[in-house]
Amino acid sequence: MQSWPARPGAAANLPGARIGPALNVSVHTGRDDVLTALRAAGPDAVSTAFQSLPWLTALFTELLPAAAAHPVLVEIRDGRGVLVLMLPLMATFERGLNVLRVPSFGVSDYGGPILGPASECPGVWPAVRRALAGHDLLVVENMRSAMAGRINPLIAGSGTFASDHHRNAVTVTGTVDDFLRSLGKKYRKEAERCTRLLAERGEPTFIRAETDAEIARAYATLEQQQAARRREAGGDYLLKRPEYSRFYRTLLANGCGNGTAHLFTLAAGGEIGACLLGITHGGTFKLLRISTAGGDWKRISPGRLVVIETMRHFLARGIATFDMGIGNYAFKQGFGIAPEPLVTLEAALTARALPRVALNRTRRSMRNIAPLRRAVRRLKGYAGE
């Protein structure tokens, strides 16, 4: 950990130089130092589930070692020692540039800071920039603009733009049955039809895996079902790699007992028709992975039913917000989700990164030109792609 309580007016190129008398900046590096600092964030800090301690602990333990990267955490506190923000990142070397990115590895939907009670302090973005001197490029993808009423100060930074993805979440008011009625008669009737078809297979059971044996069986089924669906669709499947399996198993081993990680199964006639894996954080359940059986299970829509039963489970425990992530899958739209725009920050920290940032900006602008998009599609068609 490095800390620079520099006097006002200190050289701008000093990592972590203090911006005015109010902000004190520390930069933590190395897994143990970063995780220790995260534990000190305090109960008043807010973030998405992907900046939570359980998530980052499993991620740094299982996925980071296989990457040529190391963790970095920027911590900013005000003059009273109250937390302003923490920003978890990973440092990598990409095409000649020292790059700081969200530690995502393809499994974290949202990036961004952990916001403390003092997150509205002025000068936060300049403080972050100076803290990260020595790196060339900062990329923080898919940030929420606000959380729990606190504005994310990084969205004021130069280099922000609308992300390609949206957060898909819904808050259920009343009972699940009330919620299903609010989705319209057609959707409710279809859910009822699927429930009857499920019962025809045998006595339905919805179970949260609790014991080691239950977790192992349910997770193995989830992997098998997802792998089968991916084989049907074709293409590479990131999550089939051994380190990703270890990551989710570690997440479940660490979190099932304390109630931060959850793995559910929906079964009938002794056969598991659907599995759902997710985590709870800040009063929200975040869906991570969902799988369904093939064959004649398809006509039952077990994925829809396992989500509905998961809602019943958490509503009974005081959790009413269900975050289904950034993927625009059709089954999510049926739940009446209102997409929330996300913001990405891409900032050149040195002149070496300016050409990369300019090129990426040009590419984004070109994607927004409708005639050009049509021309590209035509060219791909001529090329047989």
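For the side-chain contact (heavy atoms from CB on, under 4.5 Å) with E75, the qualifying choice from V27, L83, V84, V25 is L83, the only one to do so.
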Pair R217-E214, salt bridge (Lys or Arg N to Asp or Glu O under 4.0 Å): steps then yes or no: CA-CA 5 Å; R217 176 177 180 244; E214 289 173 344; over 6 Å; no
Residues R188, E192; criterion salt bridge (Lys or Arg N to Asp or Glu O under 4.0 Å); working and verdict: CA-CA 6 Å; R188 177 176 58 84; E192 292 172 350; 3.2 Å; yes
Test side chain to side chain contact (heavy atoms under 4.5 Å, CB included) applied to L251 and L288, step by step: CA-CA 11 Å; L251 191 70; L288 299 176; 3.9 Å; yes
Worked verdict on D177 versus R312 for side chain to side chain contact (heavy atoms under 4.5 Å, CB included): CA-CA 9 Å; D177 291 333; R312 295 189 198 277; 3.3 Å; yes
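Note: the hydrophobic cluster containing F105 also contains Y110 (ILVMFWY, side chain heavy atoms under 4.5 Å, direct or indirect links). Put simply, V124 and L138 are part of the same group of oily side chains (I, L, V, M, F, W, Y) that touch within less than 4.5 Å, one to the next. Hydrophobic clustering, with ILVMFWY side chains joined whenever heavy atoms are under 4.5 angstrom apart, groups I151 together with V140.
Ring-plane geometry between F264 and F285 is classed as perpendicular, the angle between the planes exceeding 60 degrees on a 0 to 90 degree scale with a lower cut at 30. Between W55 and Y248, the ring planes are perpendicular. Angles over 60° get that label, and only those under 30° would be called parallel.
When all heavy atoms are compared, the tightest approach of A347 to R129 is CB-NH1, 3.9 Å. Among all heavy-atom pairs drawn from P65 and F60, the shortest one is CD-O, 3.4 Å.
Residues D109 and R144 are not paired through a salt bridge, judged by the lack of any N-O separation under 4.0 Å between the basic side chain and the carboxylate. With respect to the salt-bridge test (charged N to carboxylate O, under 4.0 angstrom), the residues K186 and E190 do not qualify.
Between L85 atom CG and R77 atom CZ the span is 10.5 Å, to the nearest 0.5 Å.
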